[in-house]
Protein chains: 2
Amino acid sequence: MKRRTWQRAAVQDALTGRDDFVSAQALHSQLRADGSSIGLATVYRALADLAEEGEADSLQAEGESLYRACASPGHHHHLICRSCGRTVEIEADDIEAWAASTAAAHGFRDPQHVVDVFGTCAACAARQDARIP
Amino acid sequence: MKRRTWQRAAVQDALTGRDDFVSAQALHSQLRADGSSIGLATVYRALADLAEEGEADSLQAEGESLYRACASPGHHHHLICRSCGRTVEIEADDIEAWAASTAAAHGFRDPQHVVDVFGTCAACAARQDARIP
DNA sequence: CTCCGAGTTGAGAATGATTCCCACTAGCGA
DNA sequence: TCGCTAGTGGGAATCATTCTCAACTCGGAG
C-alpha cells in the first residue's frame, strides 16, 4: 500500500519548483533551509520512488545522482547546460527507432537507452565570452 | 613527464584481455588474483589516465564507474548486455549529427553526448527462456 | 655505469554519497 | 476511534573513490 505523507509531497513540490537537475543532498538542504525537518534518508526514498513511478527523471553526473521533475509525462531525453544546469526536454523519435533497430540487429532484446546531451547554453556561453576575452 | 611502469601496462593488459565493461575494483581483484601486488589506488589512477587519453571508454552504472578498452579508436557508442556485460561497439553518425543540430537549435554550444543502449543479448535471453517457462 | 630528482606507487586513512537499522510515528481501512 | 503496518528520521554502516605521504623507481645527466 502506498501512503500520502507530507514528506513525499514536500519532496515532489521542491522538485517541481526547479527546472534543473538537483542532487538528493541539495534538495534535502533546500528543504531544511525552508524550515522542514525532513530526513535525508526520506528524501532519498522519495526521489527513488518518484523516479520509479516515472514522476521524475534521473541521471548520474560526477559520481552523484541528479533528479528532475519532468513536464512531459512520456519518454524523452534532456539537453543540459553543463554550466548552470538549465535543462531542455527533447523528443527524439528517430533515436528511439535507431536504438530499437540497432539492438535488434545485434540480437539484443528489451532495449533501454541512455541519451543525454550536455552543452553550454546561450546565456552561459555569452557570460563566458564576456569574461574571458 | 609520463613514465612507463609495469603497473600501467598490467592494467591496460588486463583491460584489453576482456571484452566487457569492468569496474576498477573488479579489475584490481583480477590482477591480485593473477599474482600481482598492484594497489587499488594505482588501478584507479591508471584507468583514469587511460580514459583521459582515449585508450579506454568509461560509463557509470549502478553507482560505479565501468571501464573498457575499446577496439575502435574514434568516438563511438555501446550496446551492452545487462545480464552478462558483453559489449558491442556501434557507430552512429546519425546520432552525432542529431545531437549537434539539437544542441544548436536550442542555442547550446560545445555539445557532448552520452548514448548507450542496454539490452539482453541473444545468449542471455535464450538462457532465461530456458530456465523460466 | 651511477647518481639524482621528480613522477609513481601502495597501504591505509579520509571523504562523500547512499543505504541500512530500528524504535517511533502516523496514514488509512474497519 | 482502533489497530495494523508502511513510512519516517537520524545515526551508524557500507561502498566506491580519492587523498596522504613515505618509500620507490624510471630515465636522463654526468
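To find a chain, count down the sequence lines: A is the first, B the second, and so on, and within it residues start at 1.
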Q) Nearest-Å distance, CG (L40(A)) to P (dT8(D))? A) 13 Å
**Q.** Atom-to-atom span, CZ of R45(B) to P of dC21(D) - whole angstrom
**A.** 14 Å
Q: Indicate, with a heavy-atom threshold strictly under 4.0 Å, whether S23(A) touches base, sugar-phosphate, or nothing.
A: nothing
Q) Which nucleotide in the list dT8(C), dT8(D), dA16(D) gets nearest to the side chain of R8(B)? A) dT8(C)
Q.
Quick check for you: among dC19(D), dA16(D), dT18(C), whose closest atom lies nearest to any side-chain atom of A41(B)?
A. dC19(D)
Q | Under-3.5 Å donor-acceptor pair between R4(A) side chain and dG7(D) base | A | no
(Q) Looking at R8(B), I want to see if its CZ is surrounded by more than 12 non-hydrogen atoms of other residues, nucleotides or ligands under 6.0 Å. (A) yes
Q. Given dT8(C), is OP1 or OP2 found less than 4.0 Å from the side-chain N or O atoms of T5(B)?
A. no
Q: Determine the interplanar angle of the H113(A) and H75(A) rings, folded into 0 to 90°, and report it as parallel if under 30°, tilted if 30 to 60°, perpendicular if over 60°.
A: perpendicular
Q.
Using a heavy-atom cut-off of 4.0 Å across all strands, would you classify I38(B) as base, sugar-phosphate, or nothing?
A. sugar-phosphate
Q: Let me know the distance between CD of Q25(B) and P of dT18(D), rounded to the nearest Å.
A: 11 Å
(Q) Could you tell me how far apart W6(A) (CH2) and dG9(D) (C1') are, to the nearest whole angstrom? (A) 10 Å
Q) Heavy atoms under 4.0 Å, any strand shown: does E64(B) hit a base, just sugar-phosphate, or nothing? A) sugar-phosphate
Q) Between S65(B) and S37(A), which has a closest nucleotide on DNA chain D that is more 5'? A) S37(A)
Q) What nucleotide among dT18(C), dA11(C), dC21(C) has an atom nearest to a side-chain atom of R32(B)? A) dA11(C)
Q) Are R68(B) and E89(B) close enough for a salt bridge, meaning some N to O gap below 4.0 Å? A) yes
Q: Would you tell me if any nitrogen or oxygen in the side chain of Q7(B) comes within less than 4.0 Å of OP1 or OP2 on dG10(C)?
A: yes
Q. Are OP1 or OP2 of dG7(D) and a side-chain N or O of T42(A) less than 4.0 angstrom apart?
A. no
(Q) Can you tell me how far apart CH2 (W98(A)) and CG (D94(B)) are? Round to the nearest 0.5 Å. (A) 9.0 Å
Q. What integer distance in Å separates R3(B):CZ from dG7(C):C1'?
A. 4 Å
Q. Judged by atom type as modelled, is there a donor-acceptor pair below 3.5 Å linking the side chain of R109(A) to the main-chain atoms of G119(B)?
A. no
Q.
Less than 4.0 angstrom between a side-chain N/O of Y44(A) and OP1 or OP2 of dT19(C), yes or no?
A. no
Q.
In whole Å, I'd like the distance from the CD atom of E62(A) to the C1' atom of dA17(C).
A. 13 Å
Q) Between H28(B) (NE2) and dG10(C) (P), how many Å, whole number? A) 8 Å
Q) Quick one: Q60(B) CD to dT17(D) P, roughly how many Å, whole number? A) 8 Å
